[in-house]
Amino acid sequence: MREVSETDGDTVEERGVDRYDPGEIEPRWQGKWEADQLYRTTIDPDREKFYFLTMLPYTSGDMHIGHWYAMTPSDARARYLRMRGYNVMFPPGFDAFGLPAENAAIERNIHPKQWTYSNIENMRRQMRSMGAMWDWSREAISADPEFYRWTQWFFLQMFNNDLAYRKMSPVDWCPHCNTTLAREQVWGEDRHCERCKTPVIKKDLEQWFFRITKYADELLDFSILDWPEPVRILQTNWIGRSEGARAVFYTEDGDPIEIFTTRPDTLWGATFMVLAPEHPLVEKLTTPDYADAVHDYIHQAARRSDIERETIDREKTGVFTGGYAINPVNDERIPVWIADYVLMTYGTGAIMAVPAHDHRDFEFARKHDLEVRPVILPSGVESLDGETMTEALPDYGTMINSGPLSGTPGELAIERTNAYLEEKGIGDAAVNYRLHDWLISRQRYWGAPIPIVYCPTCGIVPVPEDQLPVVLPDDVEWRPTGESPLKFHPTWGHTDCPKCGEPAKRETDTMDTFMCSSWYHLRYLSPDYDEAPFDPKEYDYWMPVDTYTGGIEHATMHLIYTRFFHKVFRDLDLTEGHEPMLQLRNQGQILGPDGQRMSKSRGTVIEPDDQVRAYGADAVRAYLMFGYRWSEGGPWNADNIQGVVRWLNRVWNLVLGTAGLTAIDSDPAFARTLQRKMHQTIRQVSHDLENFEFNTVVSALMELSNAIVAAREAGMAGTPVFNDAIETLLLLMAPVTPHIAEEMWARLGKPYSIHNQAWPEYDPEMAKEEEITLVVQVNGKVRDRIIVPADIDEEQAKAAALASEIVQHHMGGKEPRRVIVVPGRLVNIVV
RNA sequence: GCCGAAGUGGCGGAACUGGCAGACGCGCGCGACUCAAAAUCGCGUUCCUUCGGGAGUGUGGGUUCGAUUCCCACCUUCGGCACCA
């Protein structure tokens, strides 16, 4: 690690400027800002509010340079908006419940609470060292009883409104974390746990779910949101809406088998049915002759889905149950098979198989010698023969072999079939979603207890609201048994039924920590309010969140959940509007110097504390903004940060080395150049901060400071224009490098604080160029550059271009065939 | 397989709405200062060149007076989903 540079050239030493020492400056100003409550925000009806939120950090211990990357550019933008006159709230908080605390407890024998809260202490210190405009009076910690009391209260609202229910079902279980997970928290091809990367297994368990699927359609509506397209697409795909029909087939015993299909127009081509091996009717359908094979297959399938991951191109296996069903549109008797390519978790767990028009069904039919019957004739196809087809034809087309609907053209096929199904009472048009209800039970200790009591007489009884919070006990044994640690507490689980007063048992599972983060933005409004989750007065002023920043990895988890919560609260008249966060922007990731994810074992973790110690927080902030496209991120580069370190030193020496000088303008042309540059910089920095283009913010500031240095070298130091440029430079730097800007501002004798100053206005007239470089092309190739007045008209530009000797030379004596003039830019002469 | 993002000097990255490709910085080279080095400052830095110029933004086409930018096809990398009925 290199040292912060020494002094600049002799000019500065002569004037006795001390060395730029961020280690001294930064803590001093941080202390003063906090003592003065500079960033404390309160309701102010006279000013326009701006709720600027950055995703709350998980209390894992040390902060990562990635946290800085997420938070400090956001802070710069928040500061910019504040200087623009908005009443900007930028609150901090901590996502404090979760499994790592419990793992630490097991490994190191530290209580999860102690581990979490000492981490919070450290993280607070680190967040203070960012020099960000956190309003600490609004800090909220999800593991505080005053916070999770309301998380539990929200659970009760869900429960009371039939949005929370308990269900026995096959669920995803992480054998390492020893808990169930929501579908969103199972990732990748090998279906691994989002937190620990261990492949999950299936378990049959009774768990609590939230009816997020009820809001599926509404969650697909992004019309009022300024969110990145990729996030909207991820959510749309995750919700996975598909339109089609539901139809009911009956077994020969009269049991209904409901199916969902996106191709009701192919119903007449259903020549067999396939059930998922776990389908509840399999047992009843199976005839004695096939029982052994069916049971073998079910057993194998269970092992397969748990252990090996099935791959797409795997052969389609399956067995006949011996049972038959009746195709309701033509009363044909068709065999019922089971196969693991049909999933219990999608649709109804049963399909009608139309081998002529579905690739999977075709493959299965050919393998097991089942009938292929074409019922759709795509345009351009003369005729189809099921015996000789070599592949399924999934295209739309005219219906054939389809009883009364034969001859229906492709465009009308689905619509007419749906009408037919409804008329005959066989089925109707239906929509199916990939989205599952949200499984919120966790078999862990370090979470908010689910406020439910199980009474032998009254059954499931919610804990009355006035008895909240259901406090998480401290004295718990953490054992990785796969069962909730609260279950083993000697007394905690025993309680009296709130309804009948008889002895009853508490629910011992805790809630998914994503519940905490689904509403934390509301707790920030009034973290001490104890009559409701938030103070309605604060809500009315601050909500909704105007800008939300964070990583895209939460697209299908947190960002779906929080939208769901908001819509539920709206329907319960707790909140207003349809969305909690209007604008979303995603930052990328900072990688290790080797271009890989930072890793402790490879020693590639960049610790912000080290960087701050070596270069100062301002340099780290400026580098994180300057060195990357914020939305992309990239590898940490220990050399490139030197660029901003040098820049800050140059600015320090420039500003303080010329402080207090007064002079009169001697060269109006040079003064005009500096003035123009200053206004252009105001324009660009404003635009780029507004649009999250932080790298060009810093490069524009560098250009301005370079221009001021050039002005100093030209003897302009102390002139009004020069001093104005210095002042503007400091104001523009304030959001990016808040400490050095404040220090220099103070040393220039300007009023405290620079962060309370108005953002400089740019004057378009002042930013205008009087002269431009007119590019002259011949046949599209640049041949000459001529300095001309900016307001030159087309004829003059043309004349100037043709007057150029170089241009004449390249025209080779030919007459111009065509001359294109782009005002203020170029002339292209075509010969 | 489907969906999405991205390919620009040695490197990070700029380029408004189709109009000077490479801003700003890193690195590198040369010079100044120094006994020397570091730091700092100045100049240079896409490639090729017979010094006229030529080529160049992943590849190949196209539209246009003009394309990093628009269109078509393809390649590579990264991310998501994946037998979704």
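In this text, all values refer to a predicted model and were calculated from it rather than measured experimentally. We name chains A, B, ... by the order of the sequence lines, and we start the count at 1 in each one.
Side-chain atoms of Arg650(A) stay outside donor-acceptor range of the base of C41(B), with no qualifying N/O pair under 3.5 Å.
Between Thr556(A) and Ile351(A), the residue whose closest nucleotide on RNA chain B is further toward the 5' end is Thr556(A). Of the two residues contacting RNA chain B, namely Asp688(A) and Arg818(A), the nearest-nucleotide position lying further toward the 5' end is that of Asp688(A).
Distance CH2 (Trp187(A)) to P (G80(B)): 7 Å, rounded to an integer number of Å. Here G27(B) presents its P atom at 5 Å from CZ of Arg646(A), a figure rounded to the nearest Å. Rounded to whole angstrom, the span from the CZ atom of Phe626(A) across to the P atom of C11(B) amounts to 17 Å. For the pair Leu826(A) CG and G66(B) C1', the computed distance is 8 Å after rounding to whole Å. Protein atom CD of Glu553(A) is 13 Å distant from nucleotide atom P of C81(B), rounded to whole Å. When the C1' atom of A14(B) is taken as reference, atom CZ of Arg629(A) falls 10 Å away, rounded to whole Å. Spacing between atom CH2 of Trp636(A) and atom P of G13(B) amounts to 14 Å, rounded to whole angstrom units. Spacing between atom CZ of Arg597(A) and atom C1' of G79(B) amounts to 12 Å, rounded to whole angstrom units.
Backbone-only engagement by Gly627(A) is indicated by non-hydrogen atom pairs under 4.0 Å involving sugar-phosphate atoms exclusively. If you check every strand for non-hydrogen atoms under 4.0 Å, Val698(A) touches nothing. Among the atoms of the strands shown, none is found under 4.0 Å from any heavy atom of Gly588(A).
The aromatic rings of Phe692(A) and Phe694(A) sit perpendicular, their planes meeting at an angle over 60°, well past the 30° parallel limit. Between Trp630(A) and Tyr69(A), the angle of the ring planes lies from 30° to 60°, which puts this pair in the tilted group.
Rounded to whole Å, the separation between the C1' atoms of C71(B) and C2(B) comes to 23 Å. For the C1' atom pair drawn from C84(B) and G7(B), the interatomic distance equals 33 Å after rounding to whole Å. Taking atom P on both nucleotides, G19(B) is separated from C30(B) by 40 Å, rounded to a whole Å. The same atom, C1', is picked in A23(B) and in U57(B); the two are 15 Å apart, to the nearest Å. When the P atom is compared between G42(B) and G60(B), the two are found 41 Å apart, to the nearest whole Å. Rounded to whole Å, the separation between the C1' atoms of C20(B) and C74(B) comes to 31 Å. Rounded to a whole angstrom, the distance from the P atom of G9(B) to that of U46(B) is 13 Å. One C1' atom belongs to G80(B), the other to G12(B), and the distance between them is 27 Å to the nearest Å.
Ionic pairing of Arg360(A) and Glu363(A) is not present here: no N-O contact between side-chain nitrogen and carboxylate oxygen is shorter than 4.0 angstrom. Note on Glu815(A) versus Arg817(A): no salt bridge recorded, every NZ/NE/NH1/NH2 to OD/OE distance being 4.0 Å or above.
Using a 4.0 Å cut-off, some side-chain N or O of Lys781(A) falls inside it from OP1 or OP2 of A55(B). Dashed line: the shortest gap from a side-chain N or O of Ser242(A) to OP1 or OP2 of A85(B) is under 4.0 Å. Contact annotation: Asn695(A) reaches the phosphate of A14(B) (side-chain N/O to OP1 or OP2, under 4.0 Å). Dashed line: the shortest gap from a side-chain N or O of His809(A) to OP1 or OP2 of G52(B) is not under 4.0 Å. Distances shown here put a side-chain N or O of Tyr346(A) below 4.0 Å from the OP1 or OP2 atom of A85(B). The phosphate of G54(B) has OP1 or OP2 within less than 4.0 Å of a side-chain N or O from Arg783(A). OP1 or OP2 of G25(B) sits under 4.0 Å from a side-chain N or O of Asn706(A).
A donor-acceptor pair shorter than 3.5 Å cannot be found between the side chains of Ser686(A) and Tyr762(A). A donor and an acceptor atom, one from each side chain of Glu703(A) and Gln680(A), are nowhere located under 3.5 Å apart. A donor and an acceptor atom, one from each side chain of Tyr628(A) and Tyr623(A), are located under 3.5 Å apart.
Taking syn as a glycosidic angle within 90° of 0, G52(B) qualifies as syn. Anti is the classification of G12(B), since its glycosidic angle lies more than 90° from 0.
Summarising the base pairing, C35(B) is matched to no nucleotide, lacking a Watson-Crick or G-U wobble pair whose two defining distances lie under 3.5 Å. The partner of C81(B) is G1(B), judged by Watson-Crick or G-U wobble contacts that both fall below 3.5 Å. Taking a pair to require two hydrogen-bonding distances under 3.5 Å in either a Watson-Crick or a G-U wobble arrangement, U50(B) remains unpaired. For C70(B), the paired nucleotide is G62(B), the pair qualifying as Watson-Crick or G-U wobble because both relevant distances are below 3.5 Å. Using N1 to N3 plus N6-O4 or O6-N4 for Watson-Crick, or N1-O2 and O6-N3 for G-U wobble, each under 3.5 Å, C24(B) pairs with G12(B).
Proximity note for Arg434(A) (side chain, C-beta onward) versus C84(B), C20(B), A23(B): the nearest is C84(B). Closest approach to the Thr696(A) side chain among A5(B), A14(B), A85(B) is made by A14(B) (side chain taken as heavy atoms from C-beta onward). Comparing C26(B), C20(B), A85(B) by their nearest atom to the side chain of Thr261(A) picks out A85(B). For Ile820(A), the listed nucleotide lying nearest its side chain is G19(B); candidates were C20(B), G19(B), C84(B). Closest to the Asn237(A) side chain, of the nucleotides C3(B), A85(B), C20(B), is C3(B). When the nucleotides G4(B), C83(B), A5(B) are ranked by their closest atom to the side chain of Glu632(A), A5(B) comes out on top. Checked against G25(B), C83(B), C20(B), the side chain of Lys316(A) finds its nearest nucleotide in C83(B). With distances taken from any side-chain atom of Asn828(A) to the nucleotides G19(B), A82(B), A85(B), the minimum falls on G19(B).
Between Asp172(A) and the options Arg183(A), Gln185(A), Lys202(A), a side chain to side chain donor-acceptor pair (under 3.5 Å) holds for only Lys202(A).
Residues Trp647(A) and Phe626(A) keep their aromatic ring centres 6.0 Å or farther apart.
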